[in-house]
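Here's the structure, in structure tokens; my notes come after.
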Amino acid sequence: MIELSNICLSYGKNDILTNVSLSLRQQGLTSIIGPNGAGKSSLLAILNRLQKPTSGEVRIDGQPIDSFDNRVLATRLSILRQDNQINARISVRDLVCFGRFPYHNGRPTAEDWAVIDQAIHYLDMSDLQDRYLDQLSGGQRQRAFIAMVLAQDTQYVFLDEPLNNLDMKHSVAIMKQLRRACEELSKSIVVVLHDINFASCYSDEIVSMKHGRIAHSGSPEQVMQDHILMDLYDMPLSVQQIDDKRLCLYYL
Amino acid sequence: MKAFLLTLGLVAALAVISLFVGVADLSASEENYSLLFLTRIPRTLAVLLAGSSLAIAGVIMQMLARNKFVEPTTTGTVEWATLGILLLLIFAPESSVMVKLIVACLFAVVGAVSFLFLLSRIRIQSEVIVPLVGIMYSGIMSSTITFIAFQYDLIQSIWTWIQGDFSMIMRGRYELLWLSGVLCIAAYITANQFTLVGLGESVAKNLGVNYRWIVIWGVCMVAVISGITVVNAGVIPFLGLVVPNLVSVFMGDNLRKSLPWIALIGAGLVLACDLLARTLRYPYEVPIGIIMGVFGSVIFLSILLHRNRQYD
């Protein structure tokens, strides 16, 4: 289990995160939603150890995150942020192979290759696996990076806006695959999402953030409520029940 | 693999030709024959070592800066090394090659670190801004060097120092370049880490790479290679820019795969330029820095145009 207790982060006088406490489930899909500047990406940066919190502690399976060796940590949790190098001429297959780097350290075994092939297949990249990243479209590149993280095969997976640059078909395909990975491989996957309807349809739990604090957390039924979302995004909207899903209409 | 061996053969053939190009005819007398070991072999080895290590220093700098258009001679690193030598010429003109080397390397470290620090302070890291910052920075450093040299009437001596030129190489005066050769092998061993650093801090850290240490290691490697070549052969511009970009077109940027090619093409290109330098105005020599500047800029422009066409 990943536990964040009283995480605060500030740059000078600006408080980015204030007293964020959260425990992330051992298995299942958690979505983090919230308006721009709510501190979602900063939270992932802290988990990525790119950023040290001003105060507070992160524990992974009971141990403080700072006590982990880099490579051991890389086999427990993986994080895909948004700012990925886009003009590198690295083939999709090589990139996904780097996902196994914490295990093989440069010398992939047959077992590693099996995981790599599976991840490539999982994301429907088999035909593109020998292309360089700079020859791919934004969405294909996004899928290549997700394949890399899946090949890393960690219990906890954090994805910052994985649906960025993806069309409807691939967005749905990725959410279904993430769902499948949660169920079949019993992983705990945390995604930062802007499209709250995806969050509603695919998550076990939704965490909403605003102004560097956790606003709500709970099941999609609990969080997908008119007053909660209007409050969160400061705009008029309405939540509708369609079949067994709750969808938010905010376009008008 | 086949293509690699073929190119290797080609470079080896060039190296053999290089042994027999010169004013003295080696077969003329016993005495001339000894020139082979005194100057010809050392010169050829120096060219090969400088070529491959400078190309590798270039690609490592590109990974650290996450930009394809930088290299030690366009980011102030080499200028800092030169500044170190200039200060030695002023304050300790009698110092040995070893002292010169150490001072040049230390100054080069300052140069590389200060450039990377400068980059980390700049918010807009577009593909064009980064090399521009580098060029401005190295411009400022060059004028500082010229200013100081002018004050001490050393313009000419420092110019001879930094002008890329292998004609003074002989046995006993190039051996430090072997250290660059060792660094090339070390670079190959850590190639995967450099590739990951090139993919950005968050990807590298996510995969368990100790980002900070790899950056420090890379900076040291770039600085030592720059220092050694400046002290032994002078400045050879464009090489670290042209070779990695050329190799990237057909081999990609996975350094485990491309580094041997970068080393080989770097060695071959400098060797070819050195041969030209020696034969263009035979029996005189043109400094290789000038030849490299001409060829380098032409190759570089064509790679840029090729890349743009690919993106359209």
Side-chain angles (χ1 to χ4, degrees), chain A residues 41 44-51 65 68-108 130-135 141 144-145 148-149 151-152 154 156-160, chain B residues 59 62-69 120 123 125-128 130 188-214 244-259 261-262 303-304 306-312:
Chain A
S41 297
L44 288 201
I46 287 174
L47 287 163
N48 199 181
R49 295 205 292 191
L50 282 172
Q51 187 81 59
I65 193 169
F68 278 93
D69 175 69
N70 290 334
R71 262 175 71 189
V72 176
L73 188 67
T75 61
R76 297 277 186 95
L77 100 172
S78 51
I79 293 179
L80 183 63
R81 285 167 41 95
Q82 296 177 66
D83 53 348
N84 297 306
Q85 175 78 310
I86 50 160
N87 47 16
R89 287 173 66 79
I90 290 188
S91 73
V92 172
R93 196 173 171 74
D94 284 358
L95 183 76
V96 180
C97 179
F98 276 124
R100 299 298 293 170
F101 194 69
Y103 303 89
H104 61 57
N105 205 16
R107 288 193 191 84
D130 293 320
R131 292 263 205 105
Y132 289 126
L133 291 182
D134 69 343
Q135 298 167 323
R141 209 179 287 136
F145 275 100
M148 176 190 86
V149 170
Q152 205 176 335
T154 53
Y156 306 102
V157 180
F158 292 82
L159 304 170
D160 198 353
Chain B
V59 77
Q62 288 161 20
M63 290 292 163
L64 299 184
R66 293 182 68 190
N67 188 293
K68 294 217 149 173
F69 305 119
S120 71
R123 290 188 72 87
Q125 299 225 354
S126 84
E127 225 176 12
V128 190
V130 174
Y188 182 69
I189 294 170
T190 40
N192 281 320
Q193 277 83 348
F194 283 123
T195 308
L196 289 175
V197 164
L199 283 173
E201 185 174 2
S202 86
V203 172
K205 279 197 167 164
N206 171 47
L207 294 172
V209 170
N210 195 327
Y211 185 80
R212 185 184 300 246
W213 278 109
I214 296 297
N245 276 290
L246 198 64
V247 172
S248 166
V249 171
F250 64 97
M251 282 303 292
D253 295 329
N254 188 347
L255 289 187
R256 233 323 124 77
K257 292 177 179 171
S258 65
L259 218 51
W261 276 101
I262 292 174
I303 294 172
L304 271 183
H306 172 84
R307 266 171 70 108
N308 279 344
R309 200 158 347 123
Q310 205 178 28
Y311 287 126
D312 291 343

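For clarity, every value in this text was computed on a predicted model and none was experimentally measured.
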Exercise. Would you name the heavy atoms of A/Y132 and B/F250 that are closest together and state the gap between them?
Key: OH-O, 3.9 Å
Quiz item: Do any pairs count as a salt bridge (Lys or Arg N to Asp or Glu O under 4.0 Å) and have a residue in residues 192-206 of chain B, sequence neighbours left out, and if so which ones?
Solution: B/E201-B/K205
Exercise. Looking only at non-hydrogen atoms, find the nearest pair between A/R71 and B/G208 and report the distance.
Key: CG-O, 3.9 Å
Exercise. With the side chain counted from C-beta on, respond yes when A/L80 and B/N206 share a heavy-atom pair under 4.5 Å apart, and no when they do not.
Key: no
Quiz item: Taking C-beta and beyond as the side chain, do B/V209 and A/F101 meet within less than 4.5 Å on heavy atoms?
Solution: yes
Quiz item: Is B/Y211 close to A/N70 at the side-chain level, that is, under 4.5 Å between some pair of heavy atoms?
Solution: no
Quiz item: Just by distance, do the side chain of A/R89 and the backbone of B/M251 share a donor-acceptor pair under 3.5 Å?
Solution: no
Quiz prompt | Under the side chain to side chain contact (heavy atoms under 4.5 Å, CB included) test, residues paired with B/Y188 that sit two or more places apart | solution = B/R256, B/L259, B/P260
Exercise. Indicate the atoms forming the closest heavy-atom contact of B/L207 with A/P102, along with that distance.
Key: O-CG, 3.6 Å
Quiz item: Measuring from A/L95:CG to B/N254:CG, what's the distance to the nearest 0.5 Å?
Solution: 9.5 Å
Practice problem: Report yes if some heavy atom in the side chain of B/T195 is under 4.5 Å from a heavy atom in the side chain of A/D94; otherwise report no. | Solution: no
Quiz item: Between CG of A/D134 and OG of B/S248, what distance do you get to the nearest 0.5 Å?
Solution: 7.5 Å
